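Report on one structure; see the data block that follows.
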Amino acid sequence: MTLYEFDASYPCNVICGTDEAGRGPLAGPVFAAAVILDKNNIIEGINDSKKLSEKKREEIYEKIKESAVAYCVAYVDEKEIDEINILNASMLAMRKAVLGLGITPDMVLVDGNRTPDLDAIPAESVVKGDAKSASIAAASILAKVERDRFMLRLHEEYPMYRFDKHKGYPTKLHYEAIAKYGITDAHRKTFLKNIL
């Protein structure tokens with residue numbers, strides 16, 4: 001079954017996919033996107049963002065924005081992540097993205113094993129959904145590209161942390177920078193309890 005066939009297997013007119021990017025990093029917001037694809041305009045090569053090269057992601061990102069019926073990208077910043085925890089922040093980001101579409105979908109497919117509170121909109125969780133559903137894959141691409149771009153802007157603010165390289169993820173390079181320069185306002189304090 002192709003990713004588009006998976007979405008078409010739901011007896012609904014308007015299917016929306018949602019996914020988040022950036023649950024694991026030590027710094028920066030968590031991003032989420034919601035996408036309603038045009039069933040009659042198949043985007044070639046759409047897949048889980050993690051399976052695509054950066055160049056391919058950027059290409060497909062532009063195609064999704066051009067041809068989607070609707071899309072919305074939202075984020076929850078590091079301060080709120082520290083207040084409500086990363087799981088709740090991820091759910092909130094997805095809720096913001098879905099409710100920000102301007103169109104109410106008949107069904108929302110959510111990557112993972114739980115669904116955010118979407119008021120009265122029906123939602124279903126799809127484990128590894130970004131590799132099964134075209135609309136979830138599209139959402140994963142938008143969320144990932146938008147978050148990466150945000151982290152590149154953060155790199156300009158804090159060049160010594162090399163956010164351009166690790167995008168805030170817990171790499172050796174990132175930990176070395178924290179050890180040398182301390183933490184920034186962009187860091188998630190609850191993720192760095194051991195260091196603090």
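Keep in mind it's a predicted model, so treat the numbers as computed, not measured.
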Quiz item: Should L101 and C16 count as side-chain neighbours, where that means a heavy-atom distance under 4.5 Å?
Solution: yes

Quiz item: Does the R188 side chain pair with the main chain of P25, one donor and one acceptor, at a distance under 3.5 Å?
Solution: yes

Practice problem: Measure the shortest side-chain to side-chain distance between D119 and R95 over non-hydrogen atoms and say whether it is less than 4.5 angstrom. | Solution: yes

Quiz item: Does D111 use its side chain to pair, donor to acceptor, with the backbone of I136 at less than 3.5 Å?
Solution: no

Exercise. Nearest 0.5 Å please: distance from the CD1 atom of I103 over to the CD1 atom of I36.
Key: 4.5 Å

Quiz item: What pair of heavy atoms forms the shortest contact from E78 to P29, and how long is it?
Solution: OE1-N, 3.6 Å

Quiz prompt | Set of residues satisfying salt bridge (charged side-chain N to carboxylate O under 4.0 Å, His left out) with respect to R147, sequence neighbours excluded | solution = none

Quiz item: Honestly curious: do I178 and F191 fall in one hydrophobic cluster under the side-chain, below-4.5 Å linking rule?
Solution: yes

Self-check item: Working for side-chain contact (heavy atoms from CB on, under 4.5 Å), residues S133 and V126
Solution: CA-CA 9 Å; S133 156; V126 184; 5.6 Å; no

Quiz item: Does the ring center of H166 lie less than 6.0 Å from the ring center of F163?
Solution: yes

Quiz item: Got a sec: does the OH of Y75 have more than 12 other heavy atoms crowding it under 6.0 Å?
Solution: no

Quiz item: When you check the gap from the basic side-chain N to the acidic O, do E54 and R57 get nearer than 4.0 Å?
Solution: no

Quiz item: Does a side-chain heavy-atom distance below 4.5 Å link T184 with E157?
Solution: no

Quiz item: Any donor-acceptor pair under 3.5 Å linking the side chain of Y4 with the backbone of I43?
Solution: yes

Exercise. Using a 4.5 Å cut-off on heavy atoms from C-beta on, say whether the side chain of I15 contacts that of F6.
Key: no

Exercise. State which residues pass salt bridge (charged side-chain N to carboxylate O under 4.0 Å, His left out) with E62; sequence neighbours excluded, sorted by chain then number.
Key: R149

Self-check item: NZ/NE/NH1/NH2 to OD/OE distance under 4.0 Å, K79 and D77
Solution: no

Practice problem: Indicate if M94 and L118 have the same hydrophobic cluster label, given that clusters are the connected sets of ILVMFWY residues with side-chain heavy-atom separations under 4.5 angstrom. | Solution: yes

Quiz item: What closest approach, in Å, do I86 and R23 show between heavy atoms, and which atom pair accounts for it?
Solution: CG1-O, 3.5 Å

Practice problem: Could you go through the side-chain contact (heavy atoms from CB on, under 4.5 Å) check for K144 and D148 one step at a time? | Solution: CA-CA 6 Å; K144 173 78 175 136; D148 283 357; 3.1 Å; yes

Quiz item: Of the non-hydrogen atoms in V76 and I81, which two are nearest, and what is the gap between them?
Solution: O-CD1, 3.8 Å

Quiz item: Does CD in E176 sit with more than 12 non-hydrogen atoms of other residues, nucleotides or ligands closer than 6.0 Å?
Solution: yes

Practice problem: Could you tell me the separation between the CD1 atom of I121 and the CE atom of M107, rounded to the nearest 0.5 Å? | Solution: 11.5 Å

Exercise. Kindly write out the residues that satisfy ring-ring contact (aromatic ring centres under 6.0 Å, His included) with Y71, not counting sequence neighbours, or none if the list is empty.
Key: none

Quiz item: Shortest non-hydrogen contact from D82 to T190?
Solution: OD1-OG1, 2.6 Å

Quiz item: Can you find a heavy atom in the side chain of I60 that is under 4.5 Å from one in the side chain of V145?
Solution: no

Quiz item: Atom CG in L52, atom NZ in K55: separation rounded to 0.5 Å?
Solution: 12.0 Å

Quiz item: Just how far is it from atom OG1 of T2 to atom CD1 of I46, taken to the nearest 0.5 Å?
Solution: 11.0 Å

Quiz item: So how far is it from I141 CD1 to D19 CG, rounded to the nearest 0.5 Å?
Solution: 10.0 Å

Quiz item: Side chain of T18, backbone of A33: donor and acceptor closer than 3.5 Å?
Solution: yes

Quiz prompt | Under 3.5 Å: donor-acceptor pair, side chain of K189, backbone of H187 | solution = yes

Quiz item: Cluster question for you: counting only ILVMFWY and a side-chain heavy-atom cut-off of under 4.5 Å, with indirect links fine, are M1 and L109 together?
Solution: yes

Quiz item: Do N113 and S125 have side-chain N/O donor and acceptor atoms under 3.5 Å apart?
Solution: no

Quiz prompt | Residue pair D38 / S67: nearest heavy atoms and the distance that separates them | solution = CB-O, 3.5 Å

Quiz item: Is L192 reachable from I84 through a run of I, L, V, M, F, W or Y residues, each pair having side-chain heavy atoms under 4.5 Å apart?
Solution: yes

Exercise. Give the minimum heavy-atom separation between A97 and C72, together with the two atoms involved.
Key: O-CB, 3.2 Å

Quiz item: Between F31 and V35, is there a shared hydrophobic cluster once you connect ILVMFWY residues whose side-chain heavy atoms come closer than 4.5 Å?
Solution: yes

Quiz item: Where the side chain of Y161 meets the backbone of Y181, is there a donor-acceptor pair that is under 3.5 Å apart?
Solution: yes

Quiz prompt | Stepwise salt bridge (charged side-chain N to carboxylate O under 4.0 Å, His left out) check, K128 with D130 | solution = CA-CA 6 Å; K128 296 194 166 56; D130 44 11; over 6 Å; no

Quiz prompt | Gap separating the OG atom of S9 from the NZ atom of K132, nearest 0.5 angstrom | solution = 11.5 Å

